[in-house]
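Here is the naming used below: chain letters follow the sequence lines, and residue numbers restart at 1 for every chain.
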2 protein chains.
Amino acid sequence: MNDEKKISMAVIRRLPRYFRYLSDLIKLDIKRISSKELSERMGITASQIRQDLNCFGGFGQQGYGYNVEYLYEEISRILGIDKRFNCIIIGAGNMGNALANYENFKRRGFDITGIFDIDKRKIGSSINGIRILDINDLDDFVAKNQVDIAILTVPINKVNDVTGKITSLGIRAIWNFSPSDLRLGGDTIVENVHLSDSLMVLGYRLREKVIEKDIDKENE
Amino acid sequence: MNDEKKISMAVIRRLPRYFRYLSDLIKLDIKRISSKELSERMGITASQIRQDLNCFGGFGQQGYGYNVEYLYEEISRILGIDKRFNCIIIGAGNMGNALANYENFKRRGFDITGIFDIDKRKIGSSINGIRILDINDLDDFVAKNQVDIAILTVPINKVNDVTGKITSLGIRAIWNFSPSDLRLGGDTIVENVHLSDSLMVLGYRLREKVIEKDIDKENE
DNA sequence: TAGATTGTTAATCGATTAACAATC
DNA sequence: TAGATTGTTAATCGATTAACAATC
């Protein structure tokens, strides 16, 4: 009975933004908002906002706009903020450590239930109250605990091994911080976070701007 | 003499990926590659690869394909890997700490030259050999040192103040890790890295898949 | 009711893919 | 030369924007 129209990735990736802006509006004690006002705040068109929201249902009211609280709750529901996911971090390096300490995730429904590493010196200690376990005990851990998401913060040379292990254990979602594109067959979902890529794009754009300015100067 | 055609963001954001795949090919000692072969490795179409590359010039040769080394060098040049940027980190928390320790950035031309915080207990200590300085000394630091990029890892309630300060000091590029969309007027460039957004999208997709599977089961 | 603003269809724009002549 | 594969133009696809009837 799959009568849902397929929602495009472009729309899905905007959902957390709507969520953030609506949180802000609630904090500002704003009760209603039109797509026009929201579009000005967010820097996108009102048309796009109405199109996006109507992928999921008609949350507004003609002549009135959107009730902020209601829309916030609908977006939360769509994003599944109420549902909880158990996450494990593989790789207790600097990034793994930073993520384990990031309290925002818990607020959004993501609990870190375990951290795994290969380094005997780290195993047994804790980060933010979460025990660092031996990667060799991962099988055992997964057998005893529901694990929804694996957060990958291992060096690139370990990625393939770890990915193989994770998927063979039946974990079907990976949040990947290693600088490699995980494109797994089957039904494993991957979100790649490529920090270096993002920084390189910033560098590219910055240099472009400098070049532009130089050209402007020449033409003066 | 601005005869460059405007390159779309979609293309620019793929450049670091090309760069990564070409690095891999060099490591594998592969000397030449056709757009077809590369497309299979990268999971995009050969057509797109040829279109993308031809935004910057004709790097291939009919009947032969692309010389890996040469293409790698051209992409490096386009991305400005040879150029260096001085970066400062604002916010010596967990994320700031992780980024300061990330050796990859230096390899790609980004040097962390200073870390700033407001916390007296942190000021004076070092991360990865870089001194943590008082945020109040930022003006002074920027006056004495060229700063190209500010990396923002401060809590959200500090973002506006810090952003104001950064831009008033003439820093024109911000790599923003705080969960707020910096959309600055003028000619300041911003790359937003919204980790929570990325995780929420993963959560959304994971739940969607679970729902799909349940539907499949019902239909069995 | 009149004014405002949605939900939705149609038009536009841009990005991706296909096709093929050029050429190595 | 014949085969291969690019560079590039044209076709398609999808996403964004505009328009407006529906309706609160």
Between [Y] and [X], do the side chains contain a donor N or O and an acceptor N or O under 3.5 Å apart?
X        : Y        : result
A:Asn128 : A:Glu103 : yes
A:Ser196 : B:Arg108 : no
A:Ser178 : A:Asn176 : yes

Using heavy atoms and a sub-4.0 Å distance, could you list which residues of residues 17-27 of chain B are near DNA chain D? By number, please. none
Rounded to whole angstroms, how far apart are [atom1] on [X] and [atom2] on [N]?
X       : N      : atom1 : atom2 : answer
A:Leu53 : C:dT5  : CG    : P     : 16 Å
B:Phe56 : D:dT8  : CZ    : P     : 15 Å
A:Ile49 : C:dT8  : CD1   : C1'   : 16 Å
A:Leu71 : C:dT6  : CG    : P     : 11 Å
A:Ile7  : D:dG14 : CD1   : P     : 15 Å
B:Asp52 : C:dG14 : CG    : P     : 17 Å
B:Asn54 : D:dT5  : CG    : C1'   : 12 Å

Under 4.0 Å from OP1 or OP2 of C:dA15: is there any side-chain N or O of B:Arg14 that close? no
Would you say B:Ser35 reaches D:dT5's phosphate, i.e. side-chain N/O to OP1/OP2 under 4.0 Å? no
Nearest 0.5 Å, what's the CZ-CG distance between A:Arg77 and A:Asp82? 9.0 Å
Spacing of B:Ile7 atom CD1 and B:Arg13 atom CZ [to the nearest 0.5 Å]: 14.5 Å
Determine the stems involving DNA chain D; a stem requires 3 or more consecutive pairs of the Watson-Crick or G-U wobble kind, each with both distances below 3.5 Å, and the answer is none if no such run exists. C:3-24 with D:3-24
Evaluate A:Tyr102 against A:Phe105 for ring pair (Phe, Tyr, Trp, His ring centres under 6.0 Å), listing each step before the verdict. CA-CA 6 Å; A:Tyr102 201 41; A:Phe105 299 149; 4.6 Å; yes
Go through the structure and list residues passing side chain to side chain contact (heavy atoms under 4.5 Å, CB included) with A:Arg207, not counting sequence neighbours. B:Lys83, B:Phe85
Applying side chain to side chain contact (heavy atoms under 4.5 Å, CB included), can you list everything that pairs with B:Val210, at least two apart in sequence or on another chain? B:Asp214
Quick note, B:Arg32 side chain, CB onward, closest among D:dT6, C:dT16, D:dT5 is D:dT5
Does any pair with a residue in residues 145-160 of chain A pass side chain to side chain donor-acceptor pair (under 3.5 Å), and if so which ones, sequence neighbours excluded? A:Gln146-A:Asp148
For A:Phe59 and A:Tyr70, take the angle between the two ring planes, folded into 0 to 90°, and tell me which bin it lands in: parallel under 30, tilted 30 to 60, perpendicular over 60. perpendicular
Write down the atom of A:Phe19, the atom of A:Ser76, and the distance for their closest heavy-atom approach. CE1-OG, 3.4 Å
Does the protein touch nucleotides 17-24 of chain D at the base, only the backbone, or not at all? Give it as B, S and - per nucleotide, heavy atoms under 4.0 Å. BBBB-BBB
